[in-house]
Asks: 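I have a structure I would like to understand better, so I am pasting it below and will then ask my questions one at a time.
Side chains included, hydrogens not; waters and symmetry mates left out as well; all remaining heavy atoms used. Quick caveat, the model's predicted, so the values are computed rather than measured.
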Amino acid sequence: MNIPPATPPTRVKAMPCDHPPPEHVTVRSETGTWITFSNPVDPHGDGSREICVDLGYDSNVETLHCTAHGVTVGVMEPDPLSRFLQTLVDDFAGWPGPRTWQTYDDNLVVTATHTGHHVTLTWTLRTWHHRPTPWEATVTIDVEAGEQLRTFTQDLHHLLTHPAVP
C-alpha cells in the first residue's frame, strides 16, 4: 500500500536546526541507527510545517558517527507522515510487501516492511534536486511492531500537529 505524497508547501528560507533540539522525536534501532524530527515551524501561518530531519549511526565499538544536519522537509496538514505510520501501527500483525511514503519532492522517503514482530523502516533523506552537489543518506531502523512503533507515531504526530512557531 502506497500513500500519496504530501501536497507541496511554498518554499521559504530554511530554519535553524539547533542541536540538541528543544523539541524533538527520535526513533532508534538497537543497531545504533536513528532518525530525529525537530523544530517544527509554521512559516506561513497556514498550518503547514517545516521540520528538521537528522539521521545517523552511533556505535560503542566504532568511532563512526554519521549524521545529516539541517535538512528541512515540508509537511502539510493534516499530517500525512503520521497517517502513514498509523497504518503500520493498525496493521501490526503484518502486511505483504513494502509500503512507501514520501514528501512531494522526495526529500524524505520512508519504506516499511513487516518482518515478523518488527517493522523495518528505511529512511532516505536527500537534498533538493537543484543543489550543485546533491547527496542522500539512508538509515534502516528496526522497531517493535506494537508499542515502540505506536509510541513513535503518537509522539511524531504530536510534534507535527502541536502549534508550531510561526
Side-chain angles (χ1 to χ4, degrees), residues 2-3 5-6 14-41 49-76 79-92 94-95 98-128 131 133-162 164-165:
N2 290 329
I3 304 296
M15 78 293 218
C17 294
D18 300 324
H19 294 278
E23 186 176 8
H24 68 280
V25 173
T26 299
V27 66
R28 188 176 293 276
S29 179
E30 290 180 7
T31 61
T33 55
W34 52 267
I35 188 163
T36 298
F37 297 85
S38 65
N39 301 344
V41 295
R49 296 290 192 269
E50 297 275 331
I51 191 162
C52 297
V53 181
D54 297 305
L55 52 81
Y57 170 76
D58 297 311
S59 172
N60 292 333
V61 178
E62 301 178 52
T63 57
L64 175 67
H65 183 98
C66 178
T67 185
H69 287 285
V71 174
T72 303
V73 176
V75 180
M76 295 294 289
D79 171 26
L81 177 54
S82 294
R83 280 190 292 135
F84 169 74
L85 293 171
Q86 186 61 50
T87 66
L88 307 180
V89 171
D90 293 344
D91 295 338
F92 71 92
W95 60 84
R99 292 182 179 180
T100 301
W101 179 88
Q102 64 199 37
T103 57
Y104 79 96
D105 57 3
D106 294 334
N107 284 112
L108 179 65
V109 178
V110 61
T111 300
T113 54
H114 199 279
T115 57
H117 297 291
H118 288 85
V119 174
T120 299
L121 300 170
T122 301
W123 301 88
T124 300
L125 191 56
R126 299 182 178 108
T127 57
W128 291 348
R131 293 275 223 191
T133 55
W135 57 261
E136 75 175 43
T138 300
V139 294
T140 300
I141 301 170
D142 290 322
V143 297
E144 187 263 322
E147 188 62 24
Q148 186 181 14
L149 183 58
R150 185 187 64 75
T151 299
F152 170 62
T153 299
Q154 287 176 341
D155 292 349
L156 185 59
H157 177 72
H158 176 75
L159 181 72
L160 293 173
T161 60
H162 189 70
V165 175

Asks: Within the structure provided, determine whether I35 and D54 are in side-chain contact (heavy-atom separation under 4.5 Å).
Replies: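 SC-SC contact between I35 and D54 ruled out.
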Asks: What pair of heavy atoms forms the shortest contact from R28 to I141, and how long is it?
Replies: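 Here R28 and I141 meet closest at C-CG2, 4.0 Å.
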Asks: With rounding to the nearest 0.5 angstrom, report the CG to NE2 distance, D142 to H117.
Replies: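 Interatomic distance, D142 CG to H117 NE2, rounded to 0.5 Å: 13.5 Å.
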Asks: Measure across L156 and L81 and return the closest heavy-atom pair with its distance rounded to 0.1 Å.
Replies: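 Where L156 meets L81 most closely, the heavy atoms are CD2-CD2, 3.7 Å.
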Asks: Are any non-hydrogen side-chain atoms of D58 and W34 less than 4.5 angstrom apart?
Replies: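 Contact flag for D58/W34 side chains = yes.
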Asks: For the residue pair R99 and W95, would you count it as a cation-pi contact if the rule is NZ or CZ under 6.0 angstrom from the ring centre and within 45 degrees of the ring axis?
Replies: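 Checked: cation-pi criterion met.
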Asks: Report yes if the side chains of L160 and S82 come closer than 4.5 Å at any heavy-atom pair, otherwise no.
Replies: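 Yes, at least one pair of side-chain atoms sits under 4.5 Å.
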Asks: Between H24 and L159, is the side chain to side chain contact (heavy atoms under 4.5 Å, CB included) condition met? List the steps.
Replies: CA-CA 7 Å; H24 68 280; L159 181 72; 5.7 Å; no
Asks: Please check if the side chain of S29 supplies one atom and the backbone of T33 the other of a donor-acceptor pair under 3.5 Å.
Replies: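 Not a single qualifying donor-acceptor pair exists.
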Asks: Is there a side-chain contact between L125 and V109, using heavy atoms and a 4.5 Å cut-off?
Replies: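 No, every pair of side-chain atoms sits at 4.5 Å or beyond.
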Asks: Between V139 and G56, what is the shortest heavy-atom contact and its length?
Replies: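 For V139 and G56, the tightest heavy-atom pair comes out as CG1-O, 3.7 Å.
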Asks: Using the test side-chain contact (heavy atoms from CB on, under 4.5 Å), find all partners of D90 that sit at least two apart in sequence or belong to another chain.
Replies: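 Listed in chain order: Q86.
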Asks: Is there side-chain contact between L121 and T140, with heavy atoms separated by less than 4.5 Å?
Replies: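 SC-SC contact between L121 and T140 ruled out.
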Asks: Sequence neighbours excluded, which residues qualify as side chain to side chain donor-acceptor pair (under 3.5 Å) partners of Q154?
Replies: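 Per chain and number, Q154 pairs via side chain to side chain donor-acceptor pair (under 3.5 Å) with R150.
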Asks: Can a donor-acceptor pair be found, under 3.5 Å and without considering hydrogens, that links the side chain of T87 to the backbone of F84?
Replies: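 Yes, T87 side chain to F84 backbone: donor-acceptor pair under 3.5 Å.
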Asks: Which residues pass the salt bridge (charged side-chain N to carboxylate O under 4.0 Å, His left out) test with E144, sequence neighbours left out?
Replies: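 E144 satisfies salt bridge (charged side-chain N to carboxylate O under 4.0 Å, His left out) with no other residue.
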Asks: Check whether any side-chain heavy atom of V27 lies under 4.5 Å from a side-chain heavy atom of V143, and answer yes or no.
Replies: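 Contact flag for V27/V143 side chains = yes.
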Asks: Quick one: list whatever passes side-chain contact (heavy atoms from CB on, under 4.5 Å) with T138, sequence neighbours left out.
Replies: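 Only T122, T124, E136 meet the side-chain contact (heavy atoms from CB on, under 4.5 Å) criterion with T138.
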Asks: Could you tell me which non-hydrogen atom of A145 sits nearest to which non-hydrogen atom of F92, and how far apart they are?
Replies: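 Of all heavy-atom pairs spanning A145 and F92, the closest is O-CB, 3.5 Å.
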Asks: So, for L88 and A112, which heavy atoms are closest and what is the spacing to 0.1 Å?
Replies: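 Nearest pair, atom of L88 first, then A112: CD1-CB, 3.5 Å.
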Asks: Is it true that a side-chain atom of H114 and a backbone atom of G116 form a donor plus acceptor pair closer than 3.5 Å?
Replies: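 Looks like yes, one N/O pair under 3.5 Å.
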Asks: Can you name the side-chain contact (heavy atoms from CB on, under 4.5 Å) partners of T113, sequence neighbours left out?
Replies: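 P98, T115, T120.
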Asks: Could you tell me which residues satisfy ring pair (Phe, Tyr, Trp, His ring centres under 6.0 Å) with H118, sequence neighbours excluded, listed by chain and number?
Replies: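 Scan of H118 (ring pair (Phe, Tyr, Trp, His ring centres under 6.0 Å), adjacent residues dropped) gives none.
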